[in-house]
Amino acid sequence: MNNLSKGRTALTFIGIILGYFIALLDTTIVNIALPKTAEYFNRDVSDISWVMNGYNIAFAVLMLTASRIADQFGRKKLFLIGLVLFALTSFLCGIASTLDLLILFRVLQGLSAAIIVPVTIPLAIQLFPKEKHGAVLGIWGAIAGVASASGPALGGILTEYFNWQSVYFVNLPIAIVSFIVSYLLLQESYDKTASKNMDFAGMLTISAAIFCFTLGLIETSDYGWRSLYVLSLFAASLLSLASFIVVERRSTDPMLPLSLLRSSTFNASSTALLFTSIGTSAGSFLIAFYLTSLRHMSVLEAGMTIIASSLTATVFSIVSGPLSEKIGGRLLASIGLAMITVTVYLFGGLDADSSRLDVMWRLSLLGAGLGISVVPLFGSAVNNIAADKLGIVSGVTNVARTLGMVVGVALLATMLSSNMKHELSIARDKAIQTIQASALDAPMKDGLITSIQSMNNESLQEGNAQQKMTLENVLEQVDQREQEALLQAPSQTQETKAAFEHNREQIKQLWPTINAEIRSDMAKGFSSTFHLVSFLLIPGIIIAFFSDQRRRQKANGETKAVISH
């Protein structure tokens, strides 16, 4: 291959990667701009959350269908269509005049991303010879890590220095460059074994199954796991999945060949990827929550802290791709998942006063585990399946990874809510006892106790519990009560001011103890959640070991991979 051909291949690869980057970036970059968006539209947290939820649901639902259509009618065509739609919907999101329109455009943007993401692996791999596939997947995995983890940092910078609309407009130049390069240089590819017949029944049933399951997970935060609504969604998902299997067994041209599901390595790879996403959500969703609610960091500071995981994920992804080609992916995948599991447990060692460095080295270890595991798992899925099936394989593995993130967030939110409710109850009781034993006068004790009791789990989830209970806000309440008392009894000005000054001094003395107790018990809530999740990740380590049956063997002086299913 001459230098001109090498340059053309590299440029084409960059065009594909840019499209992949922005599609994944929008799963995280928008989240940090949601408070500003809520303020702009004057809507509450539950309403604004659908800007994120709408994208994630659409992204998960269409991915398998888009993979199949791309295999049948051309991956380049679908990729270019996805880029055009993604750029258009990003622009529409940025100019949306109402929240309802923004949510609608975000759903359409998620559908566009679902078209882009699954075709990037088969399009990228076709550019290089087989011996380079490990390195290609390494770079691909590194970009995935950078896109997902750098979203909060980039979103925080754009929101801080420009406006919330900029997190959507940033996609436009990247999408345009990706489209131009791909249109001019990319070659078309298909699944040559696939017919042109559309499996509408299969597409409908699997989309319904994923939609109901994803929506059910998202709605657990509002309705709970035992609500009739959530259970009905899960039941509908199960029924749709069963219908999908029946349809595919009877179809002459199934969208998902069921033979794929008889491959133990493919099943193990997909399942292990789900576990990696659950673990990663602990290092994004839960750590971000810890930094902003307990450590009082701004969203920008939290985003710049979390980026530590993306840096190590990038480095280790680049290394693990070629290495897995030499020694097989099973050992690396298991080691990576073990590192993720151990790191999530170590997150439980953080307390209310842990330094930023304490958080960052743990995040770096998490990123290393992610980089070591994800690329070999994708590589195992790709290398153990016929080349023509790369599109649908990419769709399944990406759906598994996306669902893992949604499952992770739902589980973490539920566990944290339960643990925090318990710990905050203990913290309130301690604080009330401290107040009752103090030298404050009776009305001030009652007022302060009422403020403490108002600190509930729901206010914590909205990120404002600590805002309510800072020393400054408590003293503001004292000042307000003083003004009310002076208006009611103007003749007792001196006595009233003296009494309130006494209360202020008492509160200033009490507050360090009260605040320390509250923050300590909140930290225990986070710690319990991290520890519990780490134990749930252990099966993933075992499953990952069966993701690749290849062994390193010597034959005629060369190392070769022996693939068994």
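Note: hydrogens, waters and symmetry copies are ignored here, and every other heavy atom, side chains too, is used.
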Side-chain touch Val407/Phe213, heavy atoms, less than 4.5 angstrom: yes
Side chain to side chain contact (heavy atoms under 4.5 Å, CB included) between Tyr20 and Ile16, worked out: CA-CA 6 Å; Tyr20 178 63; Ile16 296 170; 5.5 Å; no
Intermediate values then yes/no, side chain to side chain contact (heavy atoms under 4.5 Å, CB included), Ser251 and Asp199: CA-CA 8 Å; Ser251 176; Asp199 181 14; 4.3 Å; yes
Audit row: Leu366, Thr312, side chain to side chain contact (heavy atoms under 4.5 Å, CB included) steps and yes/no: CA-CA 8 Å; Leu366 180 74; Thr312 51; over 6 Å; no
Validation row: Phe347, Ile287 side chains within 4.5 angstrom (heavy atoms): yes
Exercise: identify the closest heavy-atom pair between Ile541 and Ala338: CD1-CA, 3.6 Å
Spacing of CD1 belonging to Ile22 relative to CG belonging to Leu83, to within rounding of 0.5 Å: 6.0 Å
Side chains of Leu111 and Thr89 in contact at under 4.5 Å (non-hydrogen atoms): no
Steps toward side chain to side chain contact (heavy atoms under 4.5 Å, CB included) verdict (Met415, Leu536): CA-CA 12 Å; Met415 293 177 189; Leu536 295 178; 3.2 Å; yes
Over all atoms of both residues, closest heavy-atom pair of Leu85 and Ser112: CB-OG, 3.2 Å
Side-chain (Thr205) to main-chain (Gly202) donor-acceptor, under 3.5 angstrom: yes
Pair Trp164 + Phe41: ring centers closer than 6.0 Å: yes
Any donor-acceptor N/O pair, Ser270 side chain to Phe266 backbone, under 3.5 Å: yes
Taking every non-hydrogen atom, the tightest pair across Thr280 and Thr276: OG1-O, 2.7 Å
Side-chain touch Trp225/Leu217, heavy atoms, less than 4.5 angstrom: yes
Phe211, CZ: over 12 other non-hydrogen atoms inside 6.0 angstrom: no
Non-hydrogen side-chain atoms of Leu238 and Phe234 separated by less than 4.5 Å: no
Flag, side chain of Ser528 to backbone of Gly525, donor-acceptor distance under 3.5 Å: no
Note, Ser527 side chain near Leu350 side chain (heavy atom, < 4.5 Å): no
Inter-residue atom distance Met52.CE - Ile57.CD1, 0.5 Å rounding: 10.0 Å
Gap between atom CZ of Phe244 and atom OG of Ser237 - 0.5 Å precision: 12.0 Å
Ser232 side-chain N/O to Leu228 backbone N/O, donor-acceptor pair under 3.5 Å: yes
Residues Asn171 and Ser90: side-chain donor-acceptor under 3.5 angstrom: yes
Ionic contact status for Lys524 with Asp351, cut-off 4.0 Å: no
Where Ser534 and Val344 come nearest, the two heavy atoms and their spacing: N-CG1, 3.9 Å
Over all atoms of both residues, closest heavy-atom pair of Val375 and Ser320: CB-OG, 3.6 Å
Residue pair Gln109 / Tyr55, side-chain donor-acceptor N/O under 3.5 Å: no
Whether Ser309 side chain and Gly367 backbone form a donor-acceptor pair below 3.5 Å: no
Heavy-atom side-chain contact between Thr341 and Tyr345 under 4.5 Å: no
Inter-residue atom distance Ile81.CD1 - Phe73.CZ, 0.5 Å rounding: 11.0 Å
Tyr290 side, atom OH; Met297 side, atom CE - distance, nearest 0.5 Å: 8.0 Å
Side-chain donor/acceptor of Arg362 to backbone N/O of Leu346, under 3.5 Å: yes
Arg106 vs Tyr168 side-chain heavy atoms within contact, under 4.5 Å: yes
Interatomic spacing from CD1 in Ile206 to CG in Leu62 - rounded to 0.5 Å: 12.5 Å
Closest non-hydrogen atom pair, Gly216 against Val230: O-CG1, 3.8 Å
